[in-house]
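Report on one structure; see the data block that follows.
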Amino acid sequence: MDTMMLQEKLVEKLLCPRTRTTRQKDKQYVGFATLPNQVHRKSVKKGFDFTLMVAGESGLGKSTLVNSLFLTDLYKDRKLLNAEERINQTVEITKHTVDIEEKGVKLKLTIVDTPGFGDAVNNNECWRPITDYIDQQFEQYFRDESGLNRKNILDNRVHCCLYFIPPFGHGLRPVDVEFMKALHEKVNIIPLISKADCLTPNEVKKLKDRVRDEIERFGIKVYQFPECDSDEEEEFKQMDKELKECTPFAVIGSNTVVEARGQRVRGRLYPWGIVEVENQSHCDFVKLRNMLIRSHMHDLKDVTCDVHYENYRAHCIQEMTSKLAQDNRTDSPLPLLPLPTPDVETERLIKMKDEEMCAIDFYIVIRTLVLFY
Ligand code: GDP
């Protein structure tokens, strides 16, 4: 063994005094196992974004729930309309954006609110401004993606829509059915039963069953939770099953902190007791929050991108191609018929040209041969 090799071995031993088997294993270690870490570091550096839409009649607790979900005050400058103003109000779209940071991870959260939805006396097609808004975001993304500069594209596509169903009725109202049917191909809809503290546990169960039945009967495609992997832990599988069973989530929101069982909690204080927002036996708020933020935020974004946006894109391209074909047809009024067969004179000329070309080729070959020898 030469001195070089001995030195190398010594350095290796000093730096890393490990067993022989580990060293052998290390030889087979290329390093791509660090790829998840690299992706993790890069995405944390870049930050995340999420766009959430809330829809439903005013007064159903949308803003209170959003504030409770993200522990921020997103509606500081909200102007509440009186009854008279609401009669003629049309649906408008408002956007609130906040940057939240938790343990070094940055999230740009955009809440798209739809004040005025379902408030007017005539609610005919009141979902139109909402579907238009969703389409506009897809269109903008499509333009940016097809443009020259594709760096730093702003993604304003709506990733999820929380649809608030009132707790007072007997299931879905016609406007709820129409809204969800108009939007289910464009966005991930998650239906919620709002203000669940107005109902007894039995009433909540009945209303949930009814809403589930009606969603199926009317062919509404709400967001489907992805199937759990078979190799997941039993505990995770159980949680996933519970999550799927408790839809539509019955939620309670509150912006006030009250004292319950010696602890300060978000809740609603009533003469008969306290309703705790984060108590799982009182409502499904925690399940909704976990699903939306901790377990399914990425899937919601993936479905938006891979299913809803892809559908929009395919539709756009199809429309563009058929328009182009139509324009071409109108631009060239000459029918695309087979070329007429040449007459005798033209055929003679073509033959002469062919012979001429042959003679030139023959001359080039001869010249090359002469030059070589
Ligand atoms: P939005 O118009 O849909 O945004 O509704 P708001 O969030 O402004 O709430 C309207 C009213 O309902 C306010 O007085 C809230 O305090 C109240 N509220 C909000 N969430 C709940 C809830 O879960 N239960 C009950 N009982 N009231 C609620």
Side-chain angles (χ1 to χ4, degrees), residues 51-98 109-120 123 126-127 129-130 160-169 172-173 175-176 179-180 189-201 203-205 207-208 211 246-258 260 265-289 292:
T51 303
L52 178 71
M53 177 180 260
V54 284
E57 252 172 60
S58 61
L60 283 184
K62 297 185 295 296
S63 19
T64 312
L65 190 88
V66 167
N67 286 341
S68 315
L69 276 174
F70 297 99
L71 302 177
T72 48
D73 190 5
L74 274 145
Y75 294 86
K76 274 177 256 142
D77 349 288
R78 185 162 71 140
K79 182 181 167 267
L80 289 175
L81 302 179
N82 60 32
E84 198 187 342
E85 285 167 321
R86 283 212 307 271
I87 289 176
N88 298 316
Q89 196 199 0
T90 50
V91 183
E92 56 171 307
I93 310 280
T94 55
K95 246 169 86 172
H96 307 262
T97 303
V98 274
L109 174 72
T110 307
I111 304 291
V112 180
D113 204 345
T114 57
F117 171 78
D119 288 353
N123 282 316
C126 60
W127 53 88
I130 302 173
C160 174
C161 171
L162 297 181
Y163 185 70
F164 287 66
I165 300 164
F168 324 112
L172 297 177
R173 301 161 306 163
V175 68
D176 301 327
F179 173 88
M180 290 198 260
I189 301 176
I190 298 181
L192 304 179
I193 294 172
S194 60
K195 298 190 172 180
D197 55 330
C198 302
L199 302 168
T200 64
E203 286 167 337
V204 169
K205 192 182 169 299
L207 187 56
K208 279 188 176 190
V211 170
C246 92
T247 55
F249 300 102
V251 291
I252 298 169
S254 168
N255 285 334
T256 45
V257 175
V258 290
V265 291
R266 252 176 202 253
R268 305 186 71 83
L269 183 64
Y270 289 105
W272 41 264
I274 290 167
V275 174
E276 293 169 44
V277 170
E278 296 187 30
N279 188 329
Q280 299 221 37
S281 56
H282 291 185
C283 74
D284 304 324
F285 175 86
V286 172
K287 282 202 183 79
L288 170 72
R289 190 180 59 191
L292 203 59

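Both counts, for ligands and for their atoms, begin at 1 and track the order of listing. Because the structure is predicted, anything quoted here is derived from the model rather than measured.
Nearest to atom 10 (C) of ligand 1 by heavy atom, out of Ser63, Ser58, Gly59, is Gly59. Counting only non-hydrogen atoms, the option in Arg268, Glu57, Lys195, Lys62 that gets closest to atom 12 (O) of ligand 1 is Lys195. Residue Thr64 holds the heavy atom nearest to atom 7 (O) of ligand 1 of all those in Thr64, Val277, Thr114.
Side-chain contact check for Leu65 versus Ser194: every heavy-atom pair is 4.5 Å or farther apart. Within the 4.5 Å cutoff, no side-chain heavy atoms of Val204 are placed close to those of Ile193.
Taking any N or O of Gly253, backbone or side chain, at least one lies under 3.5 Å from an N or O belonging to ligand 1. The distance criterion of under 3.5 Å between nitrogen or oxygen atoms is met by Leu60 with respect to ligand 1.
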Full working for side-chain contact (heavy atoms from CB on, under 4.5 Å) between Val98 and Phe70: CA-CA 10 Å; Val98 274; Phe70 297 99; over 6 Å; no
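Lys208 meets the side chain to side chain donor-acceptor pair (under 3.5 Å) test with Asp284; sequence neighbours excluded.
Shown in contact with Tyr270 at under 4.0 Å from a heavy atom are these atoms of ligand 1, numbered in order with element: 26 (N). The Ile252 neighbourhood of ligand 1 comprises atoms 23 (O), with distances under 4.0 Å to a heavy atom of that residue.
Across all their heavy atoms, Cys198 and Phe168 have their closest contact at SG-CE2, 4.4 Å. Summarising the geometry of Pro166 relative to Leu207, their closest heavy-atom pair is O-CD2, 4.3 Å, with the distance given to 0.1 Å.
Going from atom NZ of Lys95 over to atom CG of Asp113 covers 13.0 Å, rounded to the nearest 0.5 Å.
Residue contact check for ligand 1: Phe285 places no non-hydrogen atom closer than 4.0 Å to it.
Using a 4.0 Å cut-off between heavy atoms, Asp197 contacts ligand 1 through its side chain alone, with no backbone atom that close.
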